[in-house]
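Naming convention: chains lettered A, B, ... in sequence-line order (proteins, then strands); numbering from 1 in each chain.
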2 protein chains.
Amino acid sequence: MTNTHPFDTAIALQESGIGEWDGNPGTAYSNFIGAYGGTVSATLLNAVLSDSRLHGHPVTFTVNFCAALGEQDFSVLTKLHRTGKYTQHWSLELTQGERTMATATIVCAARSETFSHQPAHMPAVNGPETYDLLKTKGVSNWIQRYDFRFVSGTLALKSEPNDPLEPSRTVAWVSDNPPRPLDHLSLAALSDSFFLRLMHIRGTMEPAGTVSITTHILATPDEIAAQGTDPILAVADGNRFHNNFHDQYMQLWGSSGKILATGSQIVWFRQ
Amino acid sequence: MTNTHPFDTAIALQESGIGEWDGNPGTAYSNFIGAYGGTVSATLLNAVLSDSRLHGHPVTFTVNFCAALGEQDFSVLTKLHRTGKYTQHWSLELTQGERTMATATIVCAARSETFSHQPAHMPAVNGPETYDLLKTKGVSNWIQRYDFRFVSGTLALKSEPNDPLEPSRTVAWVSDNPPRPLDHLSLAALSDSFFLRLMHIRGTMEPAGTVSITTHILATPDEIAAQGTDPILAVADGNRFHNNFHDQYMQLWGSSGKILATGSQIVWFRQ
């Protein structure tokens with residue numbers, strides 16, 4: 001008998017019709033208010049990856065968070081817009097009762113061998129075990145579901161904002177806790193496992209949240225499977241914070257030195 | 001009597017019902033196959049900005065291109081999912097006949113004064129007039145609708161791929177041709193005015209196209225209006241090219257040294 005990983009429980013769906021799914025976020029990945037965005041993204045992706053009409057593998061997806069997802073049951077409706085020669089286009093809506101809580105678009109594609117090139121440079125870092133494990137006891141449940149080992153820019157919350165501000169760029173080794181072999185679903189969640197840049201630079205907890213997140217899967221299914229349970233090197237930075245919004249962009253690097261995924265999000269903050 | 005700018009003609013819509021719009025891409029911004037993605041994005045944004053239910057200004061949008069848009073009439077359906085205290089969420093579908101040609105999600109928001117900070121550094125460049133105007137005569141119509149002045153990484157197409165490869169990063173001054181005062185719509189189009197990184201690094205024209213593009217508007221409406229017709233500094237790079245897909249990410253800098261928009265796209269290529 002095998003135990004189900006809490007991640008798989010959190011993103012589980014029951015099919016109630018073609019393109020119709022039901023689920024419950026549970027509490028294993030809960031955030032201060034509502035469910036962790038990473039498991040919401042993975043749940044939406046799960047609805048497409050579980051669909052018999054699926055063609056290929058996800059290459060890009062955008063998830064928009066309309067409101068914090070409560071602990072009640074939810075429904076997901078998927079619409080398959082088009083299966084072309086190269087790509088397949090989906091849009092999704094997640095509701096609780098009459099309320100839309102999240103929307104998403106997902107593009108899948110079959111992939112074959114082509115020209116290959118990586119202009120980006122992996123940061124020069126030591127192995128994960130050489131960096132301290134971030135203490136996550138007592139904080140939000142979702143944070144305890146990851147092991148964070150910061151190479152630079154660790155999260156150190158204070159009661160007053162940093163003066164001067166800290167850098168917005170952070171580099172960290174991240175892995176699922178407990179360990180779980182990497183797949184497209186956990187990679188989708190890892191893409192949202194970055195703390196908000198606002199918290200890093202100001203050093204304070206403030207009313208803020210991701211509004212929309214976009215992830216591009218650059219690795220092939222083989223590369224994702226080959227990563228296994230090894231930590232991923234997660235790099236993030238932000239460009240600009242102004243009048244209620246800031247962006248942040250990221251890279252997820254595999255142990256082989258290849259980028260698995262990149263993406264960006266836009267974050268709302270109140271003050 | 002004033003002449004209508006070709007951009008405004010290209011993105012014009014007629015309302016046929018609540019959230020129902022009709023248009024025609026015309027040819028002023030046509031690409032090798034179909035319409036330029038930038039005007040498709042701006043057209044979709046136009047459907048939301050023209051809607052009486054609009055609340056606030058666009059802060060992020062994702063457009064997915066299912067197929068090249070033909071020169072025939074098209075329809076746009078918008079769905080308003082939610083108007084919350086801080087954000088408003090829309091999803092859109094663009095069809096020609098029975099075929100979905102593009103989908104999109106757009107988030108709008110009211111913006112007020114908050115903490116402001118820009119960790120990103122503007123590249124050190126000279127004024128636009130010090131760089132040569134890219135010769136665009138005889139190429140796709142949309143390219144002739146912009147003035148490109150490359151600071152680095154200009155597009156130089158050859159019959160054989162570059163060996164060694166050229167850098168993926170480019171810096172260029174870009175402006176509408178003829179000049180047109182900047183607004184959210186033209187900023188949306190400018191966000192897609194980057195040549196594919198594949199063309200820059202290999203130096204060849206190959207079967208390739210944007211599959212999905214996401215843009216975050218970081219500037220306020222006042223900052224966008226203040227830009228007027230001045231050229232924008234456009235910076236782009238790519239992380240990884242592998243098995244039919246590559247990403248590319250961008251910054252659009254205003255003359256004031258502030259970032260107006262950032263974003264990323266994923267590009268399909270055949271070989």
Counting heavy-atom pairs under 4.5 Å to chain B, which of [options] comes out on top?
options	answer
A:Q251, A:E223, A:Q88	A:E223
A:L198, A:L165, A:T95	A:L165
A:A110, A:S116, A:S168, A:S112	A:S112

Is chain A contacted by the side chain of [X], its backbone, both, or neither, given a heavy-atom distance below 4.5 Å?
X	value
B:F61	neither
B:S264	both
B:A219	both
B:Q265	backbone
B:V211	both
B:S91	neither
B:K85	neither

Measuring from A:T87:OG1 to B:N64:CG, what's the distance to the nearest 0.5 Å? 9.5 Å
Say you draw a straight line from OG1 of A:T62 to CD1 of B:I213; how long is it, rounded to the nearest 0.5 Å? 11.0 Å
[Y] and [X], any side-chain heavy atoms less than 4.5 Å apart:
X	Y	answer
A:F269	B:T114	yes
B:H117	A:R240	no
B:S212	A:T105	no
B:L218	A:I266	yes

Given a strict heavy-atom distance threshold of 4.5 Å, which part of [X] is in contact with chain B: side chain, backbone, both, or neither?
X	answer
A:H242	both
A:V107	side chain
A:R82	side chain

Under 6.0 Å from the CD atom of A:E160, do we count more than 12 heavy atoms belonging to anything else shown? no
Atom CD1 of B:I33 with >12 non-hydrogen neighbours under 6.0 angstrom: no
Inspect the contact between A:R270 and B:E113 and indicate whether a charged nitrogen and a carboxylate oxygen are less than 4.0 angstrom apart. no
Classify the ring geometry between A:F115 and B:F241 as parallel (under 30°), tilted (30 to 60°) or perpendicular (over 60°). perpendicular
Of the listed B:R202, B:H121, B:K79, the one with the largest count of heavy-atom pairs under 4.5 Å with chain A is B:R202
Note: vs chain A, highest number of non-hydrogen pairs under 4.5 angstrom among B:R169, B:H246, B:R99 is B:R99
For B:N239 and A:Q118, what are the C-alpha separation, side-chain angles and deciding distance, and is it a side chain to side chain donor-acceptor pair (under 3.5 Å)? CA-CA 6 Å; B:N239 283 294; A:Q118 185 173 281; over 6 Å; no
So, is the end of the B:R111 side chain (NZ or CZ) under 6.0 Å from the ring centre of A:F245 and within 45° of the ring's axis? no
Would you check if the side chain of B:H89 reaches a backbone N or O of A:F65 as a donor-acceptor pair within less than 3.5 Å? yes
B:T220-A:N243 side chain donor-acceptor pair, cut-off 3.5 Å: no
